[in-house]
Amino acid sequence: MHQTPPTNQRTSASSSRSPRHAAVVGLQWGDEGKGKIVDLLTSRYDCIVRYNGGANAGHTVQVGRERYALHLIPSGILSQGKINIVGNGVVVDPEKLLDEIDGLRKRGVEVAENLRVSDRAHVVMPYHKEQDAALEELLEKRSGKSGAGQIGTTRRGIGPAYSDKVRRSTALRMGDLLDHALLLRKLETICGLRMAELEALGANVTPLVPRELADRFAAAGERLRPHITDTVYLVHDEMRAGRSVLFEGANACLLDIDHGTFPYVTSSNCSTLGIPAGSGVPGRMIDKVYGIMKAYSTRVGGGPFVTELLDATGDRIRTRGREFGTTTGRPRRCGWLDLVAVKYSVMVCGADAIACTLLDVLSGFDELKVCVGYRRADGTVTDRFIPDAERMQGFTPVYETLAGWGRELTDCTDRDELPPEAQRYLAFVESFVGIPVELVSVGPERNQTFERAGGLASAI
Ligand code: GDP
Ligand code: IMO
Ligand code: MG
């Protein structure tokens, strides 16, 4: 289907309208539709760079009737002639990456020189996934009632892999997979220690055999060899040659290890603050940040969620929005739009504009609520987000009630075609958060999106 021209034949995609380098980042707890927006914006950029997370991400792109779920590979892979970079800040499960590559190729998507993986990205090994699951199960047992103490991770080994990165002595990087002797030497040290740790967690452990693991992952490394490179020089070379870069955030700002609802977060800096460290590109080189916000709130896994709806309204949002995880299939927790949280994420990420997704899901409600403050247990109210689960306990939402609309929005092609109540909903977001809603998405498909000034829709 897609034929990717050799790198040296590419021309710059950036037009005078586009910011040179931009980022797409989730402003809530993930699944805001980042994949869809990245796919849409890809036509304007030359390189798409993932800088954080791993196979915990699930980015859906719908192209006509074809639906793709991308976990490790940037969403730009579905467009021709782009370089897709998995940066050093990503934790890569090599076998999952190979499955993803094979799955795309089977569907006619070219994955060749257009995919580059950092030699310094850390490796997610099978024992990381066992450790992730074992810790979650242990927390569940200890907490006494099901799920209460768990983070609710995706069990993709993300936390343990990042822990090893920080610990250094037990870490493996993608470049290590290209040297069997080095990999074996490292695994001999790692495996003994790892067995002791897994046993201490009470895990039902399969013995780790360094040589088996070395053979298995060196084989994966051989298959990935054409893609593995120093992506920091690559992205800077591309930028110097006048090419434009779009950074694709995985997970979302409120799951950021430093700025999210700790400890119910993931283990990377998924806000835009992770871009410099996770790609090697200084933050000042990014000209524009698109914050992706779904028109309501969802969250998967544990943690504070002030506007959560545990009633028929929440069920209705879940059903209309098909809110089931792309990665794990878990039902997502649903609730009204929390603008206190969104405004905080806009601040932390330096977002310049909002892309509001899934607005169509809100059709048919008589009225809609948006959260504009939090009431603490002692009755006082704050308009500040507090990224700490303990300190958010007992918070209840202060709502503003807005009029709903009855009409389905999926055929709208311009902001002016939206019912006046939907336009007022977006205007309320803009005035509360202080930045414009530049993109509006009313369905999963590429063409179910319009730009405030009408520019993007015509560029698709
Ligand atoms: P991501 O992780 O941020 O890329 O988001 P996910 O792919 O996990 O979840 C977003 C879901 O919403 C996917 O199933 C998309 O196909 C779908 N989607 C995206 N934008 C819209 C929209 O505007 N309306 C509707 N109804 N679905 C959308
Ligand atoms: P995308 O990129 C939604 C959540 C998990 C869990 C917590 C920690 O598709 O938006 P982890 O496995 O990372 O240790 O889990 O973070 N989480 C996500 N939730 N979308 C995501 O990614 C997520 N990535 C992690 O559900 O609560
Ligand atoms: Mg997702």
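In each ligand, atom 1 is the first atom listed, and ligand 1 is the first ligand listed.
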Exercise. Can you find an N or O of Val300 that's nearer than 3.5 Å to an N or O of ligand 2?
Worked result: yes
Worksheet item: How about Arg168: does its CZ atom have over 12 heavy atoms from other parts shown lying under 6.0 Å from it?
Response: no
Within 6.0 angstrom of Arg105 CZ, more than 12 heavy atoms from elsewhere: yes
Residue, atom and distance of the protein heavy atom nearest atom 4 (O) of ligand 1 read Gly35 N, 2.8 Å
Worksheet item: Would you call Asp315-Arg318 a salt bridge at under 4.0 Å N-O?
Response: yes
Contact region, Lys34 to ligand 2, non-hydrogen atoms below 4.0 Å, reads side chain
In this structure, atom 11 (C) of ligand 1 is nearest to the protein heavy atom Arg332 NH1, 4.5 Å
Ligand 1 N/O within reach of Val361 N/O, cut-off under 3.5 Å:
no
Between the side chains of Arg415 and Glu430, is the shortest nitrogen-to-carboxylate-oxygen separation below 4.0 Å, so that they form an ion pair? yes
Atom 23 (O) of ligand 1 sits nearest the protein heavy atom Ser441 OG, 2.5 Å
Does NZ or CZ of Arg384 lie under 6.0 Å from the centre of the six-membered ring of Tyr374, at an angle within 45° of the ring axis?
no
Taking only non-hydrogen atoms of Val442 and a 4.0 Å limit, the atoms of ligand 1 in range are 23 (O), 24 (N)
For atom 12 (O) of ligand 2, the closest protein heavy atom turns out to be Thr154 OG1, 2.5 Å
Output for pair (Cys349 SG, Ile275 CD1), nearest 0.5 Å, gives 8.5 Å
Taking only non-hydrogen atoms of Gly301 and a 4.0 Å limit, the atoms of ligand 2 in range are 27 (O)
The atom of Asp31 among N, O or S that is nearest the Mg ion (ligand 3) is OD1
*the Mg ion (ligand 3) to Gly58: any N/O/S contact under 2.8 Å?*
yes
For this session: Find out whether Val235 and Thr231 are in side-chain contact, i.e. whether some heavy atom of one side chain is under 4.5 Å from a heavy atom of the other.
Result: no
Practice prompt. Give a yes or no on whether the ring-centroid distance for Phe305 and Trp29 is below 6.0 angstrom.
Written response: yes
query: Would you find a donor on one side and an acceptor on the other, under 3.5 Å apart, between the side chain of Asp414 and the backbone of Asp416?
result: yes
Here the atoms of ligand 1 under 4.0 Å from any heavy atom belonging to Gly443 are 20 (N), 21 (C), 22 (C), 23 (O), 24 (N), 25 (C)
Short version for Arg67: what comes under 4.0 Å of ligand 1, heavy atoms counted, is side chain
Ligand 2 to Gly30, heavy atom cutoff 4.0 Å, flagged ligand atoms 3 (C), 10 (O), 20 (N)
Logged contact type for His59 with ligand 1, heavy-atom cut-off 4.0 Å, is both
Please determine if Lys343 forms a cation-pi arrangement with Phe432, meaning its NZ or CZ atom is less than 6.0 Å from the six-membered ring centre and no more than 45° off the ring axis. yes
min-distance protein heavy atom vs atom 15 (C) of ligand 1 -> Thr60 CB, 3.9 Å
Does the salt bridge (charged side-chain N to carboxylate O under 4.0 Å, His left out) test come out yes or no for Arg216 and Glu95, once each step is laid out? CA-CA 9 Å; Arg216 180 173 153 190; Glu95 292 179 337; 2.7 Å; yes
Ligand 2 atoms nearer than 4.0 angstrom to some heavy atom of Ala57 are 1 (P), 2 (O), 9 (O), 22 (O)
Query raised in the report: Have Lys186 and Thr170 got a donor and an acceptor in their side chains that come within less than 3.5 Å?
Result: no
Q.
Tell me whether Lys34 has any N or O atom under 3.5 angstrom from an N or O of ligand 1.
A. yes
**Prompt:** Cationic tip of Arg107 within the cone over Tyr68's six-membered ring, i.e. under 6.0 Å and within 45° of the normal?
**Reply:** yes
min-distance protein heavy atom vs atom 19 (N) of ligand 2 -> Trp29 O, 3.6 Å
Atom 10 (C) of ligand 1 sits nearest the protein heavy atom Asp31 O, 3.7 Å
* Could you tell me whether the side chains of His128 and Asp164 share a donor-acceptor contact shorter than 3.5 Å? => yes
- Please state whether Gly152 comes within less than 4.0 angstrom of ligand 2, counting heavy atoms only. yes
Atom 15 (O) of ligand 2 sits nearest the protein heavy atom Thr153 CA, 3.4 Å
Check: of Leu254, Leu70, Thr266, Leu255, min heavy-atom distance to atom 4 (C) of ligand 2 comes from Leu255
- How about Asp132 and Thr153: does a side-chain donor come under 3.5 Å of a side-chain acceptor? yes
shortest atom 12 (O) of ligand 1-to-protein heavy-atom contact is with Leu358 CD2, 3.8 Å
Checking heavy atoms under 4.0 Å, the part of Asp132 that sits near ligand 2 is neither
Here the atoms of ligand 2 under 4.0 Å from any heavy atom belonging to Ile151 are 8 (C), 27 (O)
Q: Compute the shortest N/O to N/O distance between Thr357 and ligand 1 and return yes if it is under 3.5 Å, no if not.
A: no
Charged N-O contact under 4.0 Å between Arg173 and Asp119: no
Open item on the list: Below 4.0 Å from ligand 2: does a non-hydrogen atom of Gly58 turn up there or not?
Closed with: yes
Looking only at heavy atoms, the pair that brings Met392 and Phe385 closest together is CE-CE1, 3.7 Å
Closest to atom 6 (P) of ligand 1 among protein heavy atoms sits Gly58 O, 3.6 Å
Heavy-atom closest pair (Gly53 atom, Ser268 atom, distance to 0.1 Å) is N-OG, 3.5 Å
When distances are taken from atom 8 (C) of ligand 2, the protein heavy atom at minimum range is Val265 O, 3.4 Å
- Is ligand 2 less than 4.0 angstrom away from at least one heavy atom of Arg330? yes
re atom 17 (C) of ligand 1, the protein heavy-atom contact at minimum distance is Pro444 CB, 4.2 Å
Test: Glu438 and Lys288 ion pair at under 4.0 Å
yes
Atom 23 (C) of ligand 2: closest protein heavy atom, distance to 0.1 Å, is Asn251 ND2, 3.7 Å
among protein heavy atoms, the one nearest atom 3 (C) of ligand 2 is Asp31 OD2, 3.2 Å
Can you tell me if Arg156 contacts ligand 2 (heavy atom of the residue under 4.0 Å from the ligand)?
no
Point to revise | Residues Thr261 and Arg299: side-chain donor-acceptor under 3.5 angstrom | key: yes
For Ala250 and ligand 2, answer yes if some heavy atom of the residue is under 4.0 Å from a ligand atom, otherwise no.
-> yes
